[in-house]
Amino acid sequence: MAKVYSDATSALAGLLKDDMVIMAGGFGLCGIPSLLIKAIRDSGVKNLTIISNNAGIDGEGLGLLLETRQVKKMISSYVGENKTFAQQYLAGELEIEFNPQGTLAERIRAGGAGIPAFYTKTGVGTLIAQGKDEREFNGEKYVMETGLLADLAVVHAWKGDTEGNLVYRKSARNFNPMMATAGKVTVAQVEHLVECGTIDPDHIITPGIFVQRIIHAAGLEKKIEQRTVRQRA
Amino acid sequence: MAKVYSDATSALAGLLKDDMVIMAGGFGLCGIPSLLIKAIRDSGVKNLTIISNNAGIDGEGLGLLLETRQVKKMISSYVGENKTFAQQYLAGELEIEFNPQGTLAERIRAGGAGIPAFYTKTGVGTLIAQGKDEREFNGEKYVMETGLLADLAVVHAWKGDTEGNLVYRKSARNFNPMMATAGKVTVAQVEHLVECGTIDPDHIITPGIFVQRIIHAAGLEKKIEQRTVRQRA
Amino acid sequence: MAWTREEMAARAAKELRDGYYVNLGIGIPTLVSNYIPDGMTVQLQSENGMLGMGPFPFEGDEDPDLINAGKQTITELPTTSYFSSADSFAMIRGGHIDLSILGAMQVAENGDLANWMIPGKMVKGMGGAMDLVAGVKKVVVLMEHVAKEEKKLLKRCTLPLTGAGVVNMVITDLGVFTVGKDGMTAIEIAPHVTREEISAKTEASLRFADNLVQH
Amino acid sequence: MAWTREEMAARAAKELRDGYYVNLGIGIPTLVSNYIPDGMTVQLQSENGMLGMGPFPFEGDEDPDLINAGKQTITELPTTSYFSSADSFAMIRGGHIDLSILGAMQVAENGDLANWMIPGKMVKGMGGAMDLVAGVKKVVVLMEHVAKEEKKLLKRCTLPLTGAGVVNMVITDLGVFTVGKDGMTAIEIAPHVTREEISAKTEASLRFADNLVQH
């Protein structure tokens with residue numbers, strides 16, 4: 001089973017349809033599957049529900065899919081950086097479901113791990129708990145949250161081999177590993193595509209079983225959202 | 001805060017008391033915290049509840065604590081290899097709570113992750129589900145399982161640094177990473193103790209926050225339970 | 001002429017497909033790895049935390065840190081990855097493994113499976129079996145058709161269950177049986193084995209497929 | 001004379017202990033890292049998946065793969081480890097972080113905290129704040145005592161909550177306040193600030209500690 005595809009468009013061929021649910025890895029613009037998002041934009045698929053911690057910024061990341069109005073609903077924890085998002089949301093054109101970031105991460109992990117629901121303290125006594133089951137354990141209140149799955153997960157990794165084994169680099173790991181487990185199909189873009197046996201098997205974060213298709217994102221231009229520096233002494 | 005101790009006995013000093021709950025990593029004799037188990041044996045602490053996938057074999061691993069009758073109860077998934085265990089169990093001297101292996105692993109992960117309970121398909125319609133809450137999600141039945149915590153977790157790792165960051169080797173990883181997160185105090189034995197900055201931070205499996213004490217297990221003799229080989233052609 | 005253990009394993013190997021991720025139980029199921037067709041890529045999962053399990057090591061190459069779920073020394077492959085027990089069973093429970101082939105004491109016509117305890121005898125524990133049968137996409141049982149005169153394909157299991165309604169197929173020394181909503185169906189029988197012999201050795205209601213194959 | 005932002009951060013740094021693992025929010029809390037006493041080892045967690053956060057990089061050393069939860073470029077340290085968002089919040093939710101210092105819009109005398117939404121205004125989302133206040137062992141709020149004449153230490157929060165009964169201490173430009181079962185207690189006040197001024201600017205029932213310290 002050859003998992004390697006030549007580019008983002010061919011790797012997504014046959015996987016996209018209107019009204020589908022897509023998970024997209026990344027935190028801010030860090031570790032986002034930028035090429036795959038562009039190919040989704042170019043496909044013209046619409047009415048998407050996107051599960052992603054953030055919504056990109058104008059002109060970058062998921063911001064591309066917002067500009068073209070391909071997104072019906074976002075499930076996110078923070079969308080502060082995006083003007084297009086604000087406009088569409090205030091115009092009632094875009095639905096948003098806010099999840100606490102840790103609850104979002106755990107819901108995705110649960111989805112991939114066959115866990116339909118779990119209990120957490122996060123959000124107890126807040127709007128987030130409204131309409132959800134609550135239950136006491138050891139005298140403390142917890143709220144029930146459900147697992148999340150997607151029709152498609154698109155992720156970014158630093159290195160991948162032809163079997164689909166992935167490793168991530170620094171804080172670009174973030175939501176990518178869980179999302180890789182929670183997509184019915186998972187497509188990965190990797191900055192370095194290597195032969196099997198090249199990555200130490202103790203270092204692999206996402207085993208190849210979770211990755212159905214993989215592309216080499218050569219010479220990727222990675223954006224910095226908040227460039228902060230200190231002065232040299 | 002110096003986390004490095006000179007040996008197993010000093011690393012456990014002040015942590016052991018009768019009737020406590022101890023998690024011990026390892027699968028079979030692979031990746032067991034052998035030196036720490038010996039030091040627990042030598043301390044004479046008793047009426048222990050031990051959470052561990054297996055119960056060691058006679059003369060090795062947790063078998064040592066069974067011989068000295070320091071164990072009141074085991075929470076395990078499989079204890080087939082241990083004659084002492086069978087004798088004490090049949091004599092009514094030892095309690096056992098069997099958990100499906102994946103449920104056991106997830107209960108420990110949940111404990112460490114602040115999740116008091118989760119739902120799983122595993123065990124639905126079997127003895128394991130008796131007396132536990134059941135609930136339907138999407139028309140399928142699931143059983144509720146609770147998180148597990150311990151007063152003390154003892155784990156084995158391949159390499160650790162002075163901050164307590166750990167990496168594991170091959171299938172010796174098994175239950176060790178989750179248990180490290182679920183002990184009120186976690187003590188690790190490592191085959192190679194190195195300076196901070198020596199391990200690539202992308203390769204660390206257990207961040208140092210989970211490890212309070214660490215010892216160097218130099219020249220450890222690791223046992224093989226089932227030596228299976230093939231003939232050279 | 002009933003199939004040998006090797007023939008049973010070879011027949012089970014026909015359930016493999018290119019690209020499958022497979023978990024093999026202890027005993028006859030382990031033999032299935034010897035019958036993976038040339039040119040087919042199948043990755044074996046070992047639930048103690050490994051994907052891409054290789055064969056037993058050559059003598060002298062045994063590594064105490066490298067064992068399978070049966071605690072046997074094994075080797076790694078270029079595709080191998082290691083992970084924790086929690087991640088391993090997340091993979092299993094989450095439905096990512098395509099096929100589980102495992103042994104059984106009893107299988108019922110409704111797909112119930114019993115393979116972990118006999119009341120009154122020393123119980124060793126279920127290990128990962130309950131998770132595997134609950135989580136894996138397709139569950140194939142590989143076992144002798146009868147054990148010491150006792151029937152094993154039953155209307156209802158008499159032993160405590162490992163999983164309820166989880167078995168998709170049973171391969172015995174006498175034949176191959178699918179398990180569906182309408183009970184068990186024999187789809188293949190071993191050479192020179194008669195329908196009468198199979199019926200006599202089976203308590204479960206059993207249908208013989210119209211296109212039944214006898215090898 | 002109210003404390004400056006830097007003085008507030010310095011005061012908050014006194015809550016640090018050797019060996020602590022700490023999460024600092026955006027804004028004034030970020031400044032706290034400049035006041036970690038010499039010889040004290042404190043590891044900073046960034047909830048996007050990093051423990052052992054270093055300072056901002058020198059110009060030219062920025063790495064797009066290395067950012068904190070505020071999306072700012074940062075650096076790593078010899079103690080650094082990286083992990084996924086699920087593992088990061090397992091760490092937070094599981095009570096492994098000793099101290100969270102974060103900003104707020106409102107704090108109530110029962111420990112309720114509001115810092116994520118103003119009804120009628122564009123909502124950006126709670127990010128990781130709800131997880132942090134629910135999971136971290138000690139939660140310290142660092143904020144101005146009043147905002148545009150509006151009181152922020154209240155009997156009950158009027159804004160939607162981030163967490164219920166989660167705040168242990170509030171440090172403002174006017175003083176330091178503990179939050180316990182019996183409400184808020186001022187334990188320190190800034191130089192030349194009077195009890196009367198604090199009382200006038202506080203809606204929450206407030207007790208002044210017997211051993212109140214004025215710097």
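Just so it is clear: chains get the letters A, B, ... in the order the sequence lines come, proteins before strands, and each one is counted from 1.
A pairwise comparison of heavy atoms in B:Val229 and C:Glu62 identifies CG1-OE2, 3.4 Å as the closest pair. C:Ala86 and B:Arg109 get closest at one heavy-atom pair: CB-CB, 4.2 Å. Between C:Lys71 and B:Gly28, the shortest heavy-atom contact is CE-CA, 3.7 Å. Heavy-atom minimum distance, C:Ile67 versus B:Ser171: N-OG, 2.9 Å.
Neither the backbone nor the side chain of B:Lys141 comes within contact range of chain C, judged by heavy atoms closer than 4.5 Å. Contacts between B:Tyr89 and chain C at a heavy-atom distance below 4.5 Å involve the side chain alone, from C-beta outward. For C:Glu76, the part sitting under 4.5 Å from any heavy atom of chain B is the side chain, from C-beta outward, and nothing else. Within the 4.5 angstrom heavy-atom criterion, no atom of B:Glu97 approaches chain C. Proximity to chain B (any heavy atom under 4.5 Å) is restricted, for C:Asn68, to the backbone atoms N, CA, C and O. For B:Val124, the part sitting under 4.5 Å from any heavy atom of chain C is the backbone (N, CA, C, O) and nothing else.
Contact check on C:Asp63 versus B:Lys222 returns no salt bridge, with no Lys/Arg side-chain nitrogen under 4.0 Å from an Asp/Glu carboxylate oxygen.
For the options C:Ser88, C:Ala164, C:Pro64, heavy-atom pairs under 4.5 Å to chain B are most numerous at C:Pro64. Heavy-atom pairs under 4.5 Å with chain B peak, among C:Val133, C:Ile74, C:Val123, C:Ile92, at C:Val123. Interface summary for chain B: among C:Gly60, C:Ala114, C:Gly125, C:Ser85, the most heavy-atom pairs under 4.5 angstrom belong to C:Ser85. Between chain C and the residues B:Lys223, B:Gln231, B:Glu106, the largest count of heavy-atom pairs under 4.5 Å involves B:Glu106. Among B:Asn82, B:Ile205, B:Asn99, the residue with the largest count of heavy-atom pairs under 4.5 Å with chain C is B:Asn99. Most heavy-atom pairs under 4.5 Å with chain C, from the set B:Gln226, B:Arg232, B:Lys170: that is B:Lys170. Of the listed residues (C:Gly163, C:Pro55, C:Pro160), the one with the most heavy-atom contacts under 4.5 Å to chain B is C:Pro55. For chain B, the option among C:Gly49, C:Ala134, C:Gly127 with the highest count of heavy-atom pairs below 4.5 Å is C:Gly127. Comparing B:Leu29, B:Leu104, B:Ile128, B:Ile108 by heavy-atom pairs within less than 4.5 Å of chain C, the highest count is held by B:Ile128.
Looking only at distances, no side-chain donor or acceptor of B:Thr228 sits under 3.5 Å from a matching main-chain atom of C:Phe56. Formation of a donor-acceptor pair under 3.5 Å by the C:Asp131 side chain with backbone atoms of B:Gln101 is found in this model. Looking at C:Arg93, its side chain does come within 3.5 Å of a backbone N or O of B:Gly102 through a donor-acceptor pair. At distances below 3.5 Å, not a single donor-acceptor pair connects side-chain atoms of B:Thr126 with backbone N or O atoms of C:Thr162.
Seen from the ring of C:Phe58, B:Arg230 counts as a face-on cation partner, given the 6.0 Å and 45° thresholds.
For the atom pair B:Ser77 OG and C:Trp116 CH2, the distance stands at 10.5 Å (nearest 0.5 Å). Taking CG from C:Asp65 and OH from B:Tyr168, the interatomic distance works out to 13.0 Å, rounded to the nearest 0.5 Å.
Sparse packing is recorded around CD of C:Glu150, with 12 or fewer heavy atoms of other residues, nucleotides or ligands lying under 6.0 Å away. Within a 6.0 Å radius of CD in C:Glu59, no more than 12 heavy atoms belonging to other residues, nucleotides or ligands are found. The local environment of CD in B:Glu136 is crowded, with over 12 non-hydrogen atoms from other residues, nucleotides or ligands closer than 6.0 Å. Within a 6.0 Å sphere centred on CG of B:Asn138, other residues, nucleotides and ligands contribute 12 heavy atoms or fewer. More than 12 heavy atoms of other residues, nucleotides or ligands sit less than 6.0 Å from atom NZ of B:Lys132.
For the pair C:Glu47 and B:Phe27, the minimum side-chain heavy-atom distance is 4.5 Å or more.
When the options C:Met117, C:Met130, C:Lys124, C:Met126 are evaluated for a side-chain contact (heavy atoms from CB on, under 4.5 Å) with B:Phe98, the one that passes is C:Met126.
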